[in-house]
Protein chains: 2
Amino acid sequence: MQKYLELLKNCPLFLGVNDDELISMLGCLGARVVPFAKRQTLMEEGEQAKELGVVLSGSVQIVQVDYFGNRNILSDVETGELFGEAFACAEVQSVPISVVASEAGEILFIPYARIEAPCANACGFHRQLIHNLLKIVAAKNLLFHQKLGLLSKRTTREKLTAYLLLQAKKNKSNRFSIPFDRQELADYLGVDRSGLSSELGKMRREGVLRCRKNHFELL
Amino acid sequence: MQKYLELLKNCPLFLGVNDDELISMLGCLGARVVPFAKRQTLMEEGEQAKELGVVLSGSVQIVQVDYFGNRNILSDVETGELFGEAFACAEVQSVPISVVASEAGEILFIPYARIEAPCANACGFHRQLIHNLLKIVAAKNLLFHQKLGLLSKRTTREKLTAYLLLQAKKNKSNRFSIPFDRQELADYLGVDRSGLSSELGKMRREGVLRCRKNHFELL
DNA sequence: TAAAGTCTGTTGAATTTTCAACAAAATAGG
DNA sequence: CCTATTTTGTTGAAAATTCAACAGACTTTA
């Protein structure tokens, strides 16, 4: 846990929390660190969402798989970010998604009940955490708006360029890496992988794009 | 305002608020009622989101329009529901959507700053409202997950049937009305209107569906 | 009630996507 | 360092979507 203190201090969930308090707070919250391997499932569709997860290292993806086995990647969660918080806050009985590790690492799981209810020690930070959570969940709403904007585009080309422009903006640079391989990007954009590859080839030939593996440059 | 008290008491935003308190609370919050006409824009893309809206009567749609004029309907907001709350909570400088009335009615606008900050009178309900907001925003996240599930389907037929099944489930009945005309439904599902119409015709001929105007029955 | 306007369903052609299959390139593991 | 596996790019054919155009049904309003 000690080695992640710096990360946690900068995590939006703990914004405004005194550095000294952080450790005792984590104890009060009943937080626990869980290591995981690549491809491991951290939260299964249908489960009850009692905890939220903070990615301490590695990365995870939020995925849905429909009746016919089509994978839909809803989002990618990087170090310092949260997952499952919306389901916990909404107190859903059955989460509609699975969380799968894309890179091995460690998660900090925090029982939501401990965040929500003022505890026996009358810790003062619950109010702050709830405020932070509200802002985080609201910000995720914005991300969903963005993603809906991508998926509502009609062609692979439009989806792809809109996605790449968003990434460039997010990274404040025309050169950036994406957290997906080709198949994952296709599942994220809701398009066919081969069509995506061929569209990338076309853009390369048109000279608007350079890419190698998951590193891209817009020209 | 008086005539909407019953509605507001059942509004998730005011869950747990004492009936007597409601009136004085609304005053303390600086809430104001605004009437609007059909097709009127209630919130414009690019604005700062300082207020959230509660639909008292009528209904509104959350829409995005891209560079080429393609309309994307993100959601439909009915009586008693909220809009703009996520942008207010996330304190965004520029909302990425517009809110347009689909039916004339009235809105209760509430400045978010008044909800968030404990007021001079030290009203006790701020904590409760924040909790309610958190749950509401988290629940909207779930709705977005659903919509992403729809949009990630590859064919018009799949999107349409998934949407109709969701509506049937939501209404707990195979007979239900939808809040969209054909063009709006197409813009909601991200498909071509004529293709949607023709798919509906096909389903009718297959005998799996009956529909007239915006009333549907699944067989 | 008539006229104007809007909404819906149909059509066929052009475009785009999906699907399946394969080979080259890259990666991982022993 | 070599082999097995995974990832990526390409292809062509089949399927589906989009687009534009139009006519009939339905609404609105004058």
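Remember, predicted model here, so these are calculated numbers, not experimental data. Below, chains carry the letters A, B, ... as their sequence lines are ordered, and counting in each starts from 1.
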Subject >> Flag side-chain contact, heavy atom, 4.5 Å: Lys153(B) against Thr155(B) >> reply: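 No. Closest side-chain heavy atoms not under 4.5 Å.
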Subject >> Any Arg182(B) side-chain N or O less than 4.0 Å from OP1/OP2 of dC26(D) >> reply: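 Arg182(B) to dC26(D) OP1/OP2: no side-chain N or O under 4.0 Å.
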Original post:
Taking only side-chain nitrogens and oxygens of Arg157(A), does any of them come within less than 4.0 Å of OP1 or OP2 of dT16(C)?
Top reply: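 Arg157(A) to dT16(C) OP1/OP2: no side-chain N or O under 4.0 Å.
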Donor-acceptor pairs under 3.5 angstrom involving side-chain atoms of residues 207-219 of chain A: please list them, not counting sequence neighbours.
unit_1, atom_1, unit_2, atom_2, d
Asn214(A), ND2, Ile178(A), O, 2.9
His215(A), ND1, Phe176(A), O, 3.4
His215(A), ND1, Ser177(A), OG, 3.2

Within this structure, what is the [atom1]-to-[atom2] distance between [X] and [N], rounded to whole angstrom?
{"X": "Glu158(A)", "N": "dC19(D)", "atom1": "CD", "atom2": "P", "value": "8 Å"}
{"X": "Glu184(B)", "N": "dC7(C)", "atom1": "CD", "atom2": "P", "value": "8 Å"}
{"X": "Leu189(B)", "N": "dT18(D)", "atom1": "CG", "atom2": "P", "value": "11 Å"}
{"X": "His215(B)", "N": "dC26(D)", "atom1": "NE2", "atom2": "P", "value": "17 Å"}
{"X": "Arg205(B)", "N": "dT10(C)", "atom1": "CZ", "atom2": "C1'", "value": "9 Å"}
{"X": "Lys202(A)", "N": "dT16(C)", "atom1": "NZ", "atom2": "P", "value": "7 Å"}
{"X": "Leu151(B)", "N": "dT17(D)", "atom1": "CG", "atom2": "C1'", "value": "15 Å"}
{"X": "Glu199(B)", "N": "dT10(C)", "atom1": "CD", "atom2": "P", "value": "12 Å"}

**OP:** Go along nucleotides 18-30 of chain C 5' to 3' and tag each nucleotide: B for a protein heavy atom under 4.0 Å from its base, S when only backbone or sugar atoms are that close, - otherwise.
**Re:** BBBB-----S---
If you look at every strand shown and take non-hydrogen atoms under 4.0 Å, does [X] touch a base, only sugar-phosphate, or nothing?
{"X": "Arg39(B)", "value": "nothing"}
{"X": "Ser197(B)", "value": "base"}
{"X": "Arg212(A)", "value": "nothing"}

**OP:** Compute whether any side-chain donor of one residue and acceptor of the other, for Glu103(B) and Ser59(B), lie under 3.5 angstrom apart.
**Re:**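 Note: Glu103(B) and Ser59(B) side chains meet the donor-acceptor criterion.
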Original post:
Can the positive tip of Lys50(B) be found less than 6.0 Å from the middle of the six-membered ring of Phe109(B), inside 45° of the ring normal?
Top reply: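 Pair Lys50(B)/Phe109(B) does not count as cation-pi.
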**OP:** Hey, could you give me the CG/CZ distance between Leu42(B) and Phe83(B), rounded to the nearest 0.5 Å?
**Re:**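 The CZ atom of Phe83(B) is 5.5 Å from CG of Leu42(B), to the nearest 0.5 Å.
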Subject >> Rounded distance [0.5 Å steps], SG in Cys11(B) versus CD in Glu6(B) >> reply: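 CD of Glu6(B) is found 12.5 Å from SG of Cys11(B).
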Subject >> Under 3.5 Å donor-acceptor, Arg114(A) side chain and Cys28(A) backbone >> reply: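 Looks like yes, one N/O pair under 3.5 Å.
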